[in-house]
Amino acid sequence: MPDRAPQPVDRQLPTDEARDLISLVRDIAQHEIAPKAAEEEGAGHFPREVFTLLSRTGLLGLPYASEHGGADQPYEVYLQVLEELAAARLTVGLGVSVHTLSSYALATYGTKEQRVEHLPAMLGGGLLGAYCLSEPSSGSDAASLRTRAVRDGEDWVITGTKAWITHGGVADFYTVMARTGEEGPRGITAFLVLADAEGVSAAAPEKKMGMKGSPTAQVHFDGVRVPDSRRIGEEGQGFAIALSALDSGRLGIAACAIGVAQAALDEAVGYATGRQQFGRPIADFQGLRFMLADMATQIEAGRALYLAAARLRDAGRPFAKQAAMAKLHCTDTAMKVTVDAVQVLGGYGYTADFPAERYMREAKVLQIVEGTNQIQRMVIARHLAGPETR
């Protein structure tokens with residue numbers, strides 16, 4: 001039906017290396033990811049082979065140091081890579097974001113010996129990570145988590161259940177937040193747990209509205225022994241590490257959201273310029289033209305917002321408020337744009353023959369993961385007006 005091919009996003013990139021990187025990503029997205037996306041999402045197939053390819057080509061460690069297997073890329077570039085991947089298939093873009101989040105604690109707070117021992121395999125050795133903070137009874141209130149780690153000689157013994165874990169059951173390692181001390185945020189410690197450790201298991205994946213190719217599952221830790229050498233940071237520092245990781249992770253979600261929104265806009269423009277009604281393309285009708293214009297404007301605004309936050313991060317400046325704003329705006333934009341894309345396609349938009357309905361179902365989860373958008377509003381308001389009075 002569409003007769004107007006979407007044009008690649010005109011990106012402002014800081015180096016020739018970054019431009020070459022985006023070209024590589026677009027080639028992989030076009031030939032290895034997008035052609036299989038609809039079929040594999042419908043079948044609930046997790047594309048592990050794609051993540052193996054991304055690891056082999058250096059795309060799973062972009063913002064981390066090259067001495068440990070990363071690529072030394074600024075967040076400004078890394079996030080635009082995520083956007084390109086998510087536009088091709090959200091399962092892949094979000095998966096790379098989650099893997100980067102899962103590697104953050106060790107890359108940022110680990111000892112030199114820990115980084116040398118673990119990071120090369122995590123960033124470029126074909127491994128895939130998962131981030132374990134939420135639990136069945138503690139989602140937004142993450143500081144009330146109950147998973148416990150008890151010291152036993154040179155080991156820690158971890159017992160508990162984590163919930164809503166992206167890559168649960170398929171990850172090779174888990175970054176786990178567990179309680180080692182008092183109630184509240186000061187009693188939480190971070191650990192690196194290998195997926196094949198005795199006592200680690202995953203429940204059946206959740207049955208979700210969208211992103212059916214990305215497994216989300218509870219992960220159980222039944223007396224899992226973890227050596228103290230895999231404790232990340234100091235005892236009691238885990239919650240601070242988790243929040244720091246989420247500031248960066250929220251930028252990843254924002255970039256993925258803009259990728260999905262851009263894919264939906266491209267689909268809508270292609271359809272509207274090719275679909276004939278009343279003797280002319282429906283894109284000639286002002287009602288639709290204005291919808292497309294609004295969609296494009298919100299996407300550009302979201303892209304500018306997440307890139308501005310990324311540049312603050314790259315400059316070593318505070319960016320938590322801007323990360324929350326980017327996550328809030330970009331994911332709300334993705335929801336609005338994908339709903340409008342379905343409307344542009346009319347009845348066809350409601351069928352699985354076109355990807356618009358999949359984009360709409362996938363966009364919804366982005367308003368929930370890594371801090372709901374209600375939580376983002378609370379974060380932003382605290383920066384503006386201070387903590388809430390009780």
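- When every heavy atom of Met295 is checked against every heavy atom of Ala341, the shortest pair comes out as CE-N, 3.9 Å.
- The backbone N or O of Met325 lies less than 3.5 Å from no partner atom in the side chain of His329, so there is not a single donor-acceptor pair.
- Under a 3.5 Å cut-off, the side chain of Arg179 and the backbone N or O of Ile188 do not form any donor-acceptor pair.
- Counting only heavy atoms from C-beta outward, the side chains of Phe191 and Met177 never approach each other to under 4.5 Å.
- Think of Met378 as one node in a network of Ile, Leu, Val, Met, Phe, Trp and Tyr side chains linked at under 4.5 Å; its network also takes in Ile375, Val379.
- Under the 3.5 Å distance criterion, the side-chain polar atoms of Lys327 are matched with a main-chain donor or acceptor of Gly371.
- Of all non-hydrogen atoms in Met211 and Leu90, the two that sit nearest each other are SD-CD2, 3.5 Å.
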**Pair Tyr109-Gln237, side chain to side chain contact (heavy atoms under 4.5 Å, CB included): steps then yes or no** = CA-CA 10 Å; Tyr109 293 89; Gln237 194 181 10; 3.6 Å; yes

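- Aromatic ring pairs are classed by plane angle as parallel below 30°, tilted from 30° to 60° and perpendicular above 60°; the pair Tyr174 and Phe221 is perpendicular.
- Between the side chain of Gln73 and the backbone N or O of Val77 there is no donor-acceptor pair closer than 3.5 Å.
- For Glu83, the side-chain hydrogen bond (donor to acceptor under 3.5 Å, both in side chains) test picks out Arg11, Arg303, Tyr306, with sequence neighbours left out.
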**Message:** Working note: Leu21 + Leu59, criterion side chain to side chain contact (heavy atoms under 4.5 Å, CB included); need CA distance, chi angles, decisive distance, verdict.
**Reply:** CA-CA 9 Å; Leu21 178 61; Leu59 296 177; 3.5 Å; yes

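- The neighbour count for Arg280 CZ, taken as heavy atoms of other residues, nucleotides or ligands under 6.0 Å away, is above 12.
- Using a 4.5 Å cut-off on side-chain heavy atoms (C-beta onward), Asp228 and Trp156 make contact.
- For Val344 against Ala272, the heavy-atom pair with the smallest separation is CG1-CB, 4.1 Å.
- Evaluation of the salt bridge (Lys or Arg N to Asp or Glu O under 4.0 Å) rule for Asp332 yields Arg377 as partners, not counting sequence neighbours.
- Side-chain atoms of Thr180 and Thr189 include a donor-acceptor pair closer than 3.5 Å.
- Scanning for side-chain hydrogen bond (donor to acceptor under 3.5 Å, both in side chains) contacts around Arg151 gives an empty result, with sequence neighbours left out.
- One N or O on the side chain of Thr273 and one on the backbone of Val269 form a donor-acceptor pair closer than 3.5 Å.
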**Message:** One pair to check against side chain to side chain contact (heavy atoms under 4.5 Å, CB included): Arg230 and Leu194. What are the steps and the verdict?
**Reply:** CA-CA 10 Å; Arg230 289 192 180 137; Leu194 301 184; 3.6 Å; yes

Show the atom names and distances, to 0.1 Å, of all donor-acceptor pairs under 3.5 Å that link a side chain in residues 45-56 to residues at least two apart or in another chain.
residue, atom, partner, partner atom, Å
Arg48, NH1, Val170, O, 3.1
Arg48, NH2, Gly126, O, 3.0
Arg48, NH2, Asp172, OD2, 2.6
Thr52, OG1, Arg48, O, 3.1
Ser55, OG, Gly126, N, 2.9

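- Closest approach of Pro205 and Ala217 over heavy atoms only: CA-CB, 4.0 Å.
- In this structure, the side chain of Thr108 does not engage the main chain of Ala105 through any donor-acceptor pair within 3.5 Å.
- Remark: side-chain polar atoms of Gln343 are not paired, donor with acceptor, to backbone N or O of Asp340 under 3.5 angstrom.
- Glu370 has no carboxylate O lying under 4.0 Å from a charged side-chain N of Arg250, or vice versa, which leaves the two without a salt bridge.
- Between Arg358 and Glu41 there is no salt bridge, since no side-chain nitrogen of the basic residue lies less than 4.0 Å from a carboxylate oxygen of the acidic one.
- Judged as a salt bridge (Lys or Arg N to Asp or Glu O under 4.0 Å), and not counting sequence neighbours, Arg313 has no contacts.
- Residues that satisfy the ring-ring contact (aromatic ring centres under 6.0 Å, His included) test with Phe173, not counting sequence neighbours, are His99.
- Around the CZ atom of Phe285, the shell of radius 6.0 Å holds more than 12 heavy atoms that belong to other residues, nucleotides or ligands.
- Formation of a donor-acceptor pair under 3.5 Å by the Arg26 side chain with backbone atoms of Ala29 is not found in this model.
- With sequence neighbours left out, Arg225 forms a side-chain hydrogen bond (donor to acceptor under 3.5 Å, both in side chains) with Asp152, Asp155.
- The closest side-chain donor-acceptor pair between His220 and Thr161 falls under 3.5 angstrom.
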Just distance, no hydrogens or angles: give the donor-acceptor pairs under 3.5 Å from side chains in residues 110-117, sequence neighbours left out.
residue, atom, partner, partner atom, Å
Thr111, OG1, Gln114, N, 3.1
Gln114, OE1, Thr111, N, 2.9
Gln114, NE2, Ser229, O, 2.7
Gln114, NE2, Arg231, O, 2.8
Arg115, NH1, Gly110, O, 2.5

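- Follow the hydrophobic side-chain contacts under 4.5 Å out from Leu106 and you reach Ile241 in the same cluster.
- The side-chain hydrogen bond (donor to acceptor under 3.5 Å, both in side chains) contacts involving residues 58-68 comprise Ser66-Asp72, where partners must be two or more places apart or lie in separate chains.
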**Asked** Given the rule in the side-chain hydrogen bond (donor to acceptor under 3.5 Å, both in side chains) test, do Asn373 and Thr331 qualify, once you have shown the distances and angles that lead to the verdict?
**Response** CA-CA 8 Å; Asn373 282 6; Thr331 59; 2.8 Å; yes

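- Remark: side-chain polar atoms of Lys162 are not paired, donor with acceptor, to backbone N or O of Thr147 under 3.5 angstrom.
- The two atoms that bring Gly129 and Ala171 nearest to each other are C-CB, 4.0 Å, heavy atoms only.
- Listed by chain and number, the residues in a ring-ring contact (aromatic ring centres under 6.0 Å, His included) with Phe319 amount to none (sequence neighbours excluded).
- The two residues Ile299 and Ala261 make their nearest non-hydrogen contact at CD1-O, 3.5 Å.
- Counted by atom type alone, Lys208 and Thr216 present one or more donor-acceptor pairs between their side chains at under 3.5 Å.
- For Asp314 (side chain) and Tyr75 (main-chain N/O), a donor-acceptor pair under 3.5 Å exists by modelled atom type.
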**Item:** Stepwise salt bridge (charged side-chain N to carboxylate O under 4.0 Å, His left out) test for Lys212 and Glu40
**Value:** CA-CA 9 Å; Lys212 297 181 179 181; Glu40 292 188 352; over 6 Å; no

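- Side-chain polar atoms of Asp141 and Ser138 form no donor-acceptor pair below 3.5 angstrom.
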**Request:** I would like to know whether Thr372 and Ser140 meet side chain to side chain contact (heavy atoms under 4.5 Å, CB included); could you show each step before the answer?
**Result:** CA-CA 8 Å; Thr372 67; Ser140 296; 4.3 Å; yes

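- Checked by atom type, the side-chain pair Asp294/Gln298 shows no donor-acceptor distance below 3.5 Å.
- In this structure, Glu388 places its CD atom where more than 12 heavy-atom neighbours from other residues, nucleotides or ligands lie under 6.0 Å away.
- By the side-chain hydrogen bond (donor to acceptor under 3.5 Å, both in side chains) test, Tyr78 is found to be paired with Thr100, residues two or more places apart in sequence or in another chain being considered.
- A salt bridge is defined here as a Lys NZ or Arg NE, NH1 or NH2 lying under 4.0 Å from an Asp or Glu carboxylate O, and Asp16 with Arg19 meets this definition.
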